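The figures that follow rest on heavy atoms only: side chains count, while hydrogens, waters and symmetry mates do not. Numbering of ligands and ligand atoms starts at 1, following listing order. Model, not experiment: these values are computed from the prediction.
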Amino acid sequence: MSESWLSVKNLSKHFDTSKGPLKAVDSVSLDVNKGDSYGLVGESGCGKSTLIRTILRLLEPTSGEIFLEGREIAKASRQSIRNLRRKMSLVFQSPHSSLNPRMTVYDTLARPLLVHGITRNKKDTTIEIVRLLKLMGLQAEHMIRYPHELSGGQKQRIAIARALAVGPEIVFLDEPTSALDVSVQTKILKLLDLAKKEKQLTYFYISHDINLIRVVSDKMGVMYLGKLVEIGETSTIMKKPFHPYAVGLFKAVPDPDPDKKLPELLLTGEVPSPVNTPSGCVFHPRCPFTWDRCRKEVPVLLKQEDGRGVACHKYS
Ligand SMILES: Nc1ncnc2c1ncn2[C@@H]1O[C@H](COP(=O)(O)OP(=O)(O)O)[C@@H](O)[C@H]1O
Ligand SMILES: [Mg+2]
């Protein structure tokens, strides 16, 4: 049993490859409270998409536990996964590939409503679709459109409307705006925020973009090579990241606040392959503070005085 609304414990997802097991997600633990906006940040390839796909049970976990409202779902049966699909939905990164080009907006939105028995006849379905379109700042006449008749931003708003159609409690957003222009991005984030308030949703954002995570989340995690290296309140971590990887990652992005100075540290080298990961702390080959212990011992996430968790021997 866990007290958090969504709780992930030592969750791993390893893929079999010809070179050996690829540890895309390696013993990740995190907690999300109802109503939170959680942000997960990390470079491309660090395992963010795999983590949420495993939580959503689109991928079978290799090991670990997932609790939703205290119920273990990592081993849930196919039947109960169907019910979970209503509670947890996903918005994909690319609206261009996630919408079926042969389906009108109406059909795209009607499908989840009918499959889950949310509406049972054409009249109710249409009413609900108009409501969803309005929620995403679109009009009823968009119903008859095909994806190719819509802009990138409109497509992504349809994809979000589809994710909201089933009346989810939590929405996972996988780089929801990274394919879009900044102005369109801002508009969509505002619409998402309004929908969150109206429907009392919980959001789980993942992005490689620190400035996005800064804006949208109140709690966050920093991921590196399949592991969470720092977790806590977004404001606390953004003000002063502790983990050398987080420091380097934030340093690489200009902060909108010029008064904030982070210690000099730039990420050098490449992200190692998740097959044959480095011994001890997976960040040690790129870390300027590496000492003996870092090569030998895997650091665990330890709670610090200000409430954040850091997996680094410098802070243990
Ligand atoms: N189906 C798969 N089979 C093998 N390796 C995969 C598969 N899916 C993802 N990976 C690998 O897992 C790692 C994490 O990928 P991903 O979760 O997509 O990262 P992110 O979303 O942070 O960019 C990468 O090394 C990627 O190549
Ligand atoms: Mg991804």
Side-chain angles (χ1 to χ4, degrees), residues 8 10-30 32 38-64 66 74 88-99 152 155-156 159-160 163 170-180 185 188-189 192 203-214 216-217 219-231 237 241 243 245-246 248-250 252-253 267 269-278 281-283 285-286 301 311:
V8 170
N10 302 317
L11 190 66
S12 294
K13 177 64 191 175
H14 298 175
F15 294 107
D16 288 325
T17 72
S18 54
K19 293 182 198 132
L22 183 151
K23 297 176 182 173
V25 173
D26 200 31
S27 199
V28 163
S29 298
L30 58 84
V32 180
Y38 195 93
L40 187 66
V41 74
E43 286 164 292
S44 172
C46 71
K48 304 180 298 295
S49 296
T50 304
L51 173 63
I52 62 171
R53 279 158 187 275
T54 310
I55 295 174
L56 282 157
R57 291 291 313 269
L58 296 168
L59 293 169
E60 281 304 302
T62 303
S63 58
I66 308 159
M88 312 203 282
S89 62
L90 170 65
V91 175
F92 295 91
Q93 174 164 6
S94 168
H96 311 291
S97 54
S98 75
L99 296 181
K155 273 189 250 188
Q156 192 60 320
I160 295 166
I170 182 166
V171 185
F172 291 83
L173 299 128
D174 190 343
E175 312 261 7
T177 57
S178 64
L180 306 168
Q185 181 173 339
I188 291 185
L189 295 179
L192 278 167
Y203 281 165
F204 194 114
Y205 280 95
I206 65 174
S207 181
H208 66 281
D209 182 351
I210 291 154
N211 282 327
L212 177 99
I213 297 299
R214 185 198 313 275
V216 298
S217 69
K219 306 249 177 58
M220 68 175 288
V222 181
M223 200 168 177
Y224 182 74
L225 262 188
K227 289 187 177 291
L228 277 179
V229 297
E230 184 156 355
I231 55 170
I237 296 181
H243 195 284
Y245 173 66
L249 189 66
F250 292 17
V253 177
L267 286 180
E270 304 257 295
V271 182
S273 151
V275 188
N276 298 318
T277 43
C281 171
V282 288
F283 187 58
R286 294 175 87 192
L301 264 176

K.L.:
Provide, to 0.1 Å, the distance between atom 20 (P) of ligand 1 and the closest protein heavy atom, together with that atom's residue and name.
P.N.:
Gly45 N, 3.4 Å
K.L.:
Is atom 24 (C) of ligand 1 near the protein, in the sense that some protein heavy atom lies at less than 4.0 Å from it?
P.N.:
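It does; a protein heavy atom is within 4.0 Å.
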K.L.:
Would you give the length of the straight line joining atom CG of Leu30 to atom NZ of Lys219, rounded to the nearest 0.5 angstrom?
P.N.:
11.5 Å
K.L.:
Check the Mg ion (ligand 2) and write out every protein N, O or S atom at under 2.8 Å, as residue and atom.
P.N.:
Ser49 OG
K.L.:
Rounded to the nearest 0.5 Å, how far apart are NE2 of His208 and CG of Leu249?
P.N.:
10.0 Å
K.L.:
When the ring centroid of His243 is compared with that of Tyr224, is the distance short of 6.0 Å?
P.N.:
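That pair fails the under 6.0 Å test.
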K.L.:
Starting from atom 9 (C) of ligand 1, find the nearest protein heavy-atom neighbour and note its residue, name and distance.
P.N.:
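Heavy-atom neighbour on the protein nearest atom 9 (C) of ligand 1: Phe15 CE1, 3.6 Å.
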K.L.:
With distance as the sole test, does Lys227 use its side chain to make a donor-acceptor pair with the main-chain N or O of Val25 at under 3.5 Å?
P.N.:
no
K.L.:
Taking side chain to side chain donor-acceptor pair (under 3.5 Å) as the test, write out the residues that go with Thr50, two or more places apart.
P.N.:
none
K.L.:
Run the numbers for me: atoms of ligand 1, each under 4.0 Å from some heavy atom of Ser44, listed by number.
P.N.:
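Those qualifying, in numeric order: 23 (O).
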K.L.:
Which residue supplies the protein heavy atom nearest to atom 15 (O) of ligand 1, what is that atom called, and how far is it?
P.N.:
Thr50 OG1, 3.8 Å
K.L.:
Can you figure out which of Gly47, Ser207, Gly42, Pro21 has its heavy atom closest to atom 19 (O) of ligand 1?
P.N.:
Gly47
K.L.:
Write out the residue and atom name of the closest protein heavy atom to atom 18 (O) of ligand 1, then the distance separating them to 0.1 Å.
P.N.:
Ser49 CB, 3.9 Å
K.L.:
Would you mind checking which non-hydrogen protein atom is closest to atom 27 (O) of ligand 1, with the distance to 0.1 Å?
P.N.:
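Protein heavy atom with the smallest distance to atom 27 (O) of ligand 1: Leu22 CD1, 4.7 Å.
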